[in-house]
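Just so it is clear, the values below take in all heavy atoms, side chains as well, and ignore hydrogens, waters and symmetry mates.
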Amino acid sequence: MNEAVTPDVRAVLVHIDFHNSRFDEELDEFVLLAESSGLSPVLVINGQRELPDPRYFVGKGKVEEIRDAVVSTDAELVLFNHELSPAQERNVERVTQCRVLDRVGLILDIFAQRARSYEGKLQVELAQLQHLSTRLVRGWSHLERQKGGIGLRGPGETQLETDRRLIGKRIKTINTRLGKVTRQRQQSGRLRKRSGTPVISLVGYTNAGKSTLFNQLTGASVYAADKLFATLDPTLRRVELDGNFPVIFSDTVGFIRHIPHDLIQSFHATLEEVRSADLLLHVIDVTDEQRYQHLEQVNEVIEDIGAAAVPQILVFNKVDANEGACRVEYTNGGLPRVWISAGTGEGLAALKSVLLECLNNSGEIHQLRVPPEAGRFRASLFRQGAVCEEHPDNTGGWVMEINLDSPSLRRLCRDHNMDLSMLQ
């Protein structure tokens, strides 16, 4: 796994502006990421380029500037606010004679520090191993000096192949263990579906206040702090809304722009909670100047994990810090937007009322076009007594008018692997 970043490590930060959303990252967020990992940033080096340099990512002059900064500040780490290729990482290390870490490695390190549950630790280790597997040669660079000869041919390659086999074996073991955890999670999910208890997942950009809101809604004591990825492991709590309406709240890991692909893949089982939810509370920090860009970035991740069809209520948090008023805004044809302060508890009563209104909206009439291969789905609608009217269409399927609340209909579609948007 990646070597952990220890507190008080002096780091030179490198931030390059490419004027291109594909490469650009936020400098303030970068500094906060570094501080959240326990690093001590001693200098930030800025630069501008049109495209990354294939050899150093930055230009030759800039890498020499980084080398001089490492010497003058006595830094132990060079940290890039971008994703570097293994070759770029090694090339910069050779010039600076200092350890180099890119944005992906930093995020993985923060996740390793935050993971507490057995599943979370497995997921982080898997992501780290997948990231490390492309960087094995760095650990054996001393063997490049060998010139061959009797007894000296090929030991470096042999060691690398051994490391690759060991990492591959460990990845296979972790995947097997995560498979068992996934099956247990799916079994718990089936029990929740059978009980008919709605599931509400809290999502949002990291440090938006999800865990604080989760604690306020459920009375739990999930760790919450003003730092990125303060909580990592998912937490579920069953509570009664209005004293007699049971729901399950799920707190999930915070998202971030350009989230590493290895992390999305490794946390697939955890993010299943978002995809299987009946409703999403998308928490947004109103004090964040980039809040609307972050909203779109969270929605991109939600789409990547297959949860785009789950309805969202936008919850604008920290209004007390912005001198705003707690309120509910109703939109034409969409779900309400709610302004609250999770820290002070203001606006939570209105939020709970909105949740009850959205989840307890029975008697909705839906027009569905059910294809001929969805006979079991049709039968389930009849078993629930939801069918008001039905007649066959010219494709061999059915046009159905049903009376069923939206959360139950979405849950039924998921149980039968149906896409609700294709039926309407």
Side-chain angles (χ1 to χ4, degrees), residues 114-120 123 180-204 208-224 230-254 267-283 302 305 307 309-315 317 335-336 338 340 342-343 345-362 384 404-415:
R114 304 286 191 265
R116 294 291 179 269
S117 70
Y118 172 72
E119 180 184 9
Q123 289 168 327
K180 293 180 181 179
V181 174
T182 301
R183 287 191 292 273
Q184 292 170 353
R185 186 184 294 279
Q186 289 173 343
Q187 184 178 6
S188 299
R190 284 193 293 269
L191 291 174
R192 291 199 299 269
K193 288 177 183 177
R194 242 179 251 134
S195 70
T197 305
V199 177
I200 304 172
S201 282
L202 279 69
V203 299
K210 296 186 314 304
S211 295
T212 302
L213 177 58
F214 181 82
N215 290 338
Q216 288 277 20
L217 290 170
T218 65
S221 55
V222 172
Y223 176 64
T231 54
L232 177 61
D233 300 306
T235 307
L236 284 81
R237 291 289 187 275
R238 186 181 187 275
V239 298
E240 301 277 341
L241 287 180
D242 200 27
N244 59 5
F245 192 94
V247 298
I248 295 173
F249 285 102
S250 169
D251 186 23
T252 59
V253 62
F267 280 76
H268 184 81
T270 300
L271 295 173
E272 178 75 27
E273 294 291 345
V274 177
R275 189 164 56 250
S276 62
D278 297 291
L279 185 65
L280 300 181
L281 292 187
H282 189 157
V283 184
I302 289 174
I305 63 177
V310 182
Q312 287 186 31
I313 293 178
L314 299 184
V315 180
N317 188 27
L335 293 176
V338 187
I340 67 162
E346 294 180 74
L348 291 187
L351 175 59
K352 291 178 181 178
S353 297
V354 168
L355 293 178
L356 282 169
E357 178 184 327
C358 293
L359 294 172
N360 200 22
N361 190 10
S362 58
Q384 295 196 22
L404 192 65
D405 62 279
S406 293
S408 296
L409 177 57
R410 287 190 295 271
R411 194 180 305 118
L412 193 64
C413 287
R414 282 199 304 271
D415 291 345

Partners passing side-chain hydrogen bond (donor to acceptor under 3.5 Å, both in side chains) against Q312 (at least two apart in sequence or in another chain) = H282, N299

query = What is the distance from atom CD1 of I248 to atom CG of L236, rounded to the nearest 0.5 Å?
reply = 6.5 Å

query = Would D251 and K210 count as a side-chain contact (heavy atoms from CB on, under 4.5 Å) if you check the C-alpha gap in whole Å, the side-chain angles of each, and the deciding distance to 0.1 Å?
reply = CA-CA 7 Å; D251 186 23; K210 296 186 314 304; 3.9 Å; yes

inquiry  = Testing the basics here: between A277 and V310, what is the closest heavy-atom pair and its distance to 0.1 Å?
reply    = O-CG1, 3.5 Å

message = If you compare all heavy atoms of E240 against all heavy atoms of F245, which two are closest, and at what distance to 0.1 Å?
response = OE1-N, 3.4 Å

key: Over all atoms of both residues, closest heavy-atom pair of L217 and V239   = O-CG1, 4.1 Å

inquiry  = Show, in sequence, the C-alpha distance, side-chain angles and deciding distance for I200 and L355, and conclude whether the side-chain contact (heavy atoms from CB on, under 4.5 Å) test is met.
reply    = CA-CA 9 Å; I200 304 172; L355 293 178; 4.2 Å; yes

key: Between CD1 on residue I340 and NZ on residue K352, distance to nearest 0.5 Å   = 11.0 Å

request  = Working to the nearest 0.5 Å, report the span between CG of L202 and OG1 of T218.
outcome  = 9.0 Å

query = Roughly how far, to the nearest 0.5 Å, is the CD1 atom of I313 from the SG atom of C358?
reply = 4.0 Å

message = Among residues at least two apart in sequence or on other chains, which ones pass side-chain hydrogen bond (donor to acceptor under 3.5 Å, both in side chains) with D278?
response = R411, R414

remark   = What one should report as the nearest heavy-atom pair of F249 and L281 is CE2-CD1, 4.3 Å

request  = Look only at the side chain of N317 and the backbone of A342, and say whether a donor-acceptor pair between them is shorter than 3.5 Å.
outcome  = yes

key: Matching residue for V315 among L351, V203, V354 - test: side chain to side chain contact (heavy atoms under 4.5 Å, CB included)   = L351

message = Which heavy atom of R238 sits nearest to which heavy atom of P246, and what is that distance?
response = NH2-CB, 3.2 Å

Residue pair I302 / L280, side-chain heavy-atom distance below 4.5 Å = yes

